[in-house]
**Q** 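I'd like to ask you about the structure that follows.
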Amino acid sequence: LLSFLEEQRGGLRRSLLGLTDEQAAAKPSASELSLGGLLKHVAEVEQGWIARAKGEKPAVEREASNWHECFALVGDETVASQLAYWEKVAAETEAFARSVPSLDETFPLPDQPWFPPEGRVSVRWVLLHLIRETARHAGHADIIRESLDGKTAFELVALAGQ
């Protein structure tokens, strides 16, 4: 599961290769998504789920008033700083997943209206959810990158290998 998650992280990271922070902030499609915003979002989501699985609060908790900041680099945030943060989050995810006695261990879902009341999920569920979430946004990133400069995922894989 950790290998599949890392594979999807790599797809999103490759979409940022060779771009400036300004290019990574661009929104070339009909949506409000940018590559920098996707990067920040997946890092925050991963950190939040692993924190919940550990019984901790997420590092960043969003309210309706600032939810949009989850999808945009703000203030002094840069692609480089978000990549470094995500690398730290990924290491924490791996350490946690390897430390639990069983991936079947469960923890409570947050008390939010889109989750069942008093619901629980397993560590395995969290890892699968993170794979799905990261893969979804890596696909978005492919489209955005191709819209920016015409580079396809295949070209970015070749560029990463250089």
Side-chain angles (χ1 to χ4, degrees), residues 1-17 19 24-25 27 29 31-75 77-145 153 156-157 160:
L1 293 175
L2 290 170
S3 294
F4 279 114
L5 180 54
E6 181 54 32
E7 178 185 20
Q8 298 310 313
R9 287 186 196 119
L12 205 149
R13 282 193 302 263
R14 279 189 299 278
S15 73
L16 291 152
L17 285 174
L19 297 181
K27 300 171 184 173
S29 69
S31 83
E32 286 295 310
L33 296 177
S34 70
L35 293 173
L38 287 172
L39 168 64
K40 180 178 176 178
H41 174 71
V42 296
E44 280 189 14
V45 166
E46 184 172 334
Q47 189 284 327
W49 275 111
I50 297 304
R52 287 182 193 99
K54 292 177 173 180
E56 302 169 358
K57 287 190 172 271
V60 177
E61 295 200 69
R62 300 276 176 200
E63 303 294 328
S65 62
N66 71 348
W67 178 252
H68 66 283
E69 290 180 3
C70 174
F71 283 99
L73 300 182
V74 295
E77 295 173 336
T78 63
V79 169
S81 70
Q82 290 301 301
L83 284 169
Y85 175 67
W86 198 19
E87 186 176 330
K88 179 180 157 232
V89 167
E92 290 172 5
T93 298
E94 182 163 343
F96 172 71
R98 292 185 186 286
S99 74
V100 294
S102 169
L103 294 180
D104 295 324
E105 295 212 2
T106 65
F107 63 94
L109 284 167
D111 183 21
Q112 295 170 328
W114 47 86
F115 293 122
E118 299 180 34
R120 296 185 71 83
V121 293
S122 68
V123 174
R124 182 183 321 282
W125 181 94
V126 167
L127 292 173
L128 291 166
H129 177 71
L130 291 174
I131 292 166
R132 178 183 59 197
E133 176 84 4
T134 307
R136 174 181 297 126
H137 292 312
H140 295 145
D142 285 343
I143 293 166
I144 294 169
R145 178 60 190 253
L156 294 170
V157 168

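Any value given below was found using the heavy atoms of this structure, including those in side chains, with hydrogens, waters and symmetry copies removed.
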**Q** To the nearest 0.5 Å, what is the distance between OG (Ser81) and NZ (Lys40)?
**A**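 Between atom OG of Ser81 and atom NZ of Lys40 there are 9.0 Å.
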**Q** Apply the test side chain to side chain contact (heavy atoms under 4.5 Å, CB included) to residues Arg145 and Leu19: give CA-CA distance (whole Å), side-chain angles for both, the deciding distance (0.1 Å), then the verdict.
**A** CA-CA 9 Å; Arg145 178 60 190 253; Leu19 297 181; 3.4 Å; yes
**Q** Find the distance between CD (Glu118) and CG (Asp111) and round it off to the nearest 0.5 Å.
**A** 9.0 Å
**Q** CD of Glu6 to OG1 of Thr134: how many Å apart, nearest 0.5 Å?
**A** 9.5 Å
**Q** Suppose the criterion is ring pair (Phe, Tyr, Trp, His ring centres under 6.0 Å): which pairs have a residue in residues 88-140, not counting sequence neighbours?
**A** His41-His137, Trp49-Phe115, Trp49-Trp125, Trp49-His129, Trp125-His129, His137-His140
**Q** How long is the straight-line distance from CZ of Phe71 back to CD of Glu32, given to the nearest 0.5 Å?
**A**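 Reported to 0.5 Å precision, the distance equals 11.5 Å.
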**Q** Starting at CD of Glu69, measure out to CD of Glu44 and round the result to the nearest 0.5 Å.
**A**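 If we round to the nearest 0.5 Å, Glu69:CD and Glu44:CD are 9.0 Å apart.
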**Q** Does the side chain to side chain contact (heavy atoms under 4.5 Å, CB included) test come out yes or no for Leu103 and Val126, once each step is laid out?
**A** CA-CA 9 Å; Leu103 294 180; Val126 167; over 6 Å; no
**Q** How long is the straight-line distance from CG of Leu73 back to CG of Leu39, given to the nearest 0.5 Å?
**A** 7.0 Å
**Q** May I have all residue pairs that pass salt bridge (Lys or Arg N to Asp or Glu O under 4.0 Å) and include part of residues 97-106, sequence neighbours excluded?
**A**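 Residue pairs with at least one partner in residues 97-106: Glu94-Arg98, Asp104-Arg124.
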**Q** How far apart are the C-alpha atoms of Leu130 and Leu1, what are their side-chain angles, what is the distance that settles it, and do they pass the side chain to side chain contact (heavy atoms under 4.5 Å, CB included) test?
**A** CA-CA 10 Å; Leu130 291 174; Leu1 293 175; over 6 Å; no
**Q** Can you run down the salt bridge (Lys or Arg N to Asp or Glu O under 4.0 Å) pairs that involve residues 51-61, sequence neighbours left out, and say none if there aren't any?
**A** Lys57-Glu61
**Q** Who pairs with Ala135 by side chain to side chain contact (heavy atoms under 4.5 Å, CB included), at least two apart in sequence or on another chain?
**A**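 If we apply the side chain to side chain contact (heavy atoms under 4.5 Å, CB included) test to Ala135, skipping adjacent residues, the hits are Gln8.
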**Q** Check Lys27 against Ser34 and note the closest heavy-atom contact, atom names and distance.
**A**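 The pair with the smallest heavy-atom distance is CG-CB, 4.1 Å.
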**Q** Going by side chain to side chain contact (heavy atoms under 4.5 Å, CB included), name the residues that satisfy it together with Ala59, two or more places apart in sequence or in a different chain.
**A**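 Checked Ala59 against side chain to side chain contact (heavy atoms under 4.5 Å, CB included); matches are Gln47, Tyr85.
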**Q** In chain order, what residues pass the side chain to side chain contact (heavy atoms under 4.5 Å, CB included) check against Ala141, with sequence neighbours excluded?
**A** Leu12, Ser15, Leu35, Leu38
